[in-house]
Amino acid sequence: MTILLFILGVLFVAVGIAVSIALHEVGHLLPAKAFKVRVTQYMIGFGPTVFSRTRGETEYGVKALPLGGYVSMVGMFPPNKEAAEDGTVRKSSTGMFQQLATEARQAETDRLVEGDENRVFYKLPIYKRIIIMLGGPLMNLLIGVVLFAVLLMGFGTAQTTTTLASVNQCVISAEQQAATGQTECTAEDPAAPAYEAGLLPGDTITVFDGREVTSWDELSSWIRDAAGRSVPLTYVRDGEERQTSITPLLTERPVVGEDGTAQTDEDGKYLTQEVGFIGVGAEQALVNQPASAVLPAVGENLVNIGGVVINLPQRLVDVAQAAFSSEERDPNGPMSVVGVGRIAGEISSQDVIPVESRVATLIGLVGSVNLALFVFNLIPLLPLDGGHVAGALWEGLRRRVAKLFHRQDPGPFDMAKMLPVTYAVAVLLMGMGALLIYADIVKPVSLFN
């Protein structure tokens with residue numbers, strides 16, 4: 001059963017990523033067709049074609065290597081300036097890179113048919129080209145926002161509630177725990193105030209010292225401030241409201257940071273503070289969030305992804321060091337689709353986690369992948385979408401400067417000249433992918449070590 005759940009988790013994320021890639025390309029396809037550019041192919045994957053069908057002037061299909069996708073539009077490069085009237089190219093270009101650009105332009109010219117004169121990509125106004133190229137990343141952003149909305153509003157986020165998960169019978173000071181490792185109560189240990197007050201696991205605290213309780217953090221702060229003072233308390237047990245009184249005990253407790261971990265000083269000793277304590281633990285539950293929480297959560301995720309992308313070279317060095325040594329992988333570092341699939345399988349196979357929480361985590365995982373695709377594709381380097389946007393913006397800047405100084409219009413920016421950079425970046429991306437896949441196989445990130 002565990003293996004089956006693992007496979008189902010991997011399939012869930014694999015299908016989610018495949019659909020995301022397909023919709024990314026739809027984000028390019030729709031505006032291209034709306035602006036009358038002739039689109040010859042819409043393909044998911046690379047390599048040999050597995051299946052395709054032509055509808056109108058566009059071939060739609062799936063290729064053998066599921067490593068992305070593309071939309072092929074005519075006129076991505078302007079025609080050769082060296083072209084003769086009969087369409088042949090004068091061999092005036094010198095050098096490998098120049099010849100590479102010349103051949104790419106000629107290949108684009110050869111694809112043109114009658115009627116394409118005003119349907120080529122490079123003749124579009126700059127803003128239309130930017131809309132087409134940003135359509136893919138924006139589709140991923142939209143998918144990410146929708147999935148985070150489903151996650152936060154439909155499933156909710158795990159939050160501490162005012163329902164008690166545990167009630168301690170006694171109070172063991174932090175000093176005793178550190179010195180002796182004591183975890184069990186003895187006759188010398190004082191009884192916990194909550195135990196003395198008759199509270200039991202499952203009780204929900206509703207009123208403390210005459211104030212209505214709305215959150216666990218609020219209740220905790222009131223308890224800490226009420227040390228040594230008897231206060232009335234109202235709770236609900238089995239649907240019945242009950243009252244009692246409780247006297248929080250002034251005791252030394254560890255200082256806990258915002259991340260929930262105990263804080264230490266420069267010497268590694270745990271920091272403590274004297275506060276009111278009643279000896280209870282709270283239940284965790286999925287709490288639905290309002291629509292207003294979606295965009296801030298997406299924004300926080302984008303900032304984290306942006307930090308990874310900005311430091312990507314160093315992150316990749318760290319991955320390589322971990323993959324080829326005994327060092328541990330950074331769980332917050334980059335992963336390939338293999339690593340994402342493994343994480344999905346681990347999550348789905350954890351029987352101790354409620355099914356609802358597992359499904360929510362998988363949805364959040366696919367949402368985060370889409371946000372990562374959005375950020376990554378905005379990098380201003382070819383062949384990424386951001387590279388095409390940067391080329392269009394550069395062309396617009398050149399034309400504005402020429403107009404400002406009453407110079408001749410320089411014409412469209414020749415993206416073919418950037419093909420050497422494109423190929424270099426493509427090789428780097430393939431190398432990065434190979435490294436991450438290797439690391440995810442030999443030194444995978446695991447959430448449940």
Query raised in the report: Could you state the interatomic distance from CD1 (Ile437) to CE (Met432), rounded to the nearest 0.5 Å?
Result: 10.0 Å
Measuring only between side-chain heavy atoms, which start at C-beta, is [X] closer than 4.5 Å to [Y]?
X	Y	result
His24	Asn377	yes
Thr361	Arg358	no
Leu378	Leu134	yes
Ser368	Phe148	yes
Leu164	Leu199	yes
Tyr42	Val26	yes
Leu147	Leu151	no
Phe374	Leu302	yes

Quiz question: by atom type and distance under 3.5 Å, do the side chains of [X] and [Y] form a donor-acceptor pair?
X	Y	value
Gln284	Thr160	yes
Thr204	Thr162	no
His28	Asp385	yes
Glu283	Thr161	no
Asp318	Gln314	yes
Gln41	Tyr70	yes

Query raised in the report: Is it true that a side-chain atom of His388 and a backbone atom of Met133 form a donor plus acceptor pair closer than 3.5 Å?
Result: no
**Report entry** Side-chain donor or acceptor of Gln289 paired with backbone N/O of Val287 under 3.5 Å
**Finding:** yes
Query raised in the report: Hey, what's the ring geometry for Phe413 with Trp394, parallel, tilted or perpendicular (30° and 60° as the breaks)?
Result: perpendicular
Requested in this report: Please step through side-chain contact (heavy atoms from CB on, under 4.5 Å) for the pair Val359 and Phe155, ending with a clear verdict.
Outcome: CA-CA 9 Å; Val359 173; Phe155 290 88; 3.8 Å; yes
Report task. Using the salt bridge (Lys or Arg N to Asp or Glu O under 4.0 Å) rule, take Arg342 and Asp440 through it: C-alpha gap first, then chi angles, then the decisive distance, then the call. Result -> CA-CA 8 Å; Arg342 183 187 180 94; Asp440 287 333; over 6 Å; no
Report task. Verify side-chain contact (heavy atoms from CB on, under 4.5 Å) between Asp203 and Thr163, making sure each step is shown before the conclusion. Result -> CA-CA 6 Å; Asp203 292 346; Thr163 299; over 6 Å; no
Assess whether a salt bridge exists between [X] and [Y], defined as any Lys/Arg side-chain N lying under 4.0 Å from an Asp/Glu carboxylate O.
X	Y	value
Asp409	Arg399	yes
Glu395	Arg129	yes
Glu57	Arg119	yes

Requested in this report: Could you go through the side chain to side chain donor-acceptor pair (under 3.5 Å) check for Ser325 and Gln321 one step at a time?
Outcome: CA-CA 6 Å; Ser325 70; Gln321 289 177 342; over 6 Å; no
Over all heavy atoms of both residues, which pair between [X] and [Y] is shortest? Give the atoms and the distance, please.
X	Y	answer
Asn288	Met153	CG-O, 3.4 Å
Ser348	Gly9	OG-CA, 3.3 Å
Ser166	Pro201	CA-CG, 4.2 Å
Ala194	Val280	CB-CG1, 3.3 Å

**Report entry** Residues Val275, Leu250; criterion side-chain contact (heavy atoms from CB on, under 4.5 Å); working and verdict
**Finding:** CA-CA 5 Å; Val275 294; Leu250 182 64; 5.7 Å; no
Query raised in the report: Thr58 and side chain to side chain donor-acceptor pair (under 3.5 Å): which partner among Arg38, Arg53, Lys33?
Result: Lys33
Requested in this report: Go through the steps for Ile132 and Leu124 under the test side-chain contact (heavy atoms from CB on, under 4.5 Å), then give the verdict.
Outcome: CA-CA 10 Å; Ile132 291 174; Leu124 287 177; 3.6 Å; yes
Requested in this report: Would you check, one step at a time, whether the test side chain to side chain donor-acceptor pair (under 3.5 Å) holds for Glu59 with Thr54?
Outcome: CA-CA 4 Å; Glu59 179 189 11; Thr54 301; 5.3 Å; no
Report task. In sequence, state the C-alpha distance, the side-chain angles, and the governing distance for Phe51 and Tyr60, and then conclude on ring-ring contact (aromatic ring centres under 6.0 Å, His included). Result -> CA-CA 8 Å; Phe51 165 83; Tyr60 301 86; over 10 Å; no
Query raised in the report: Is atom CZ of Phe35 surrounded by more than 12 heavy atoms (other residues, nucleotides or ligands) closer than 6.0 Å?
Result: yes
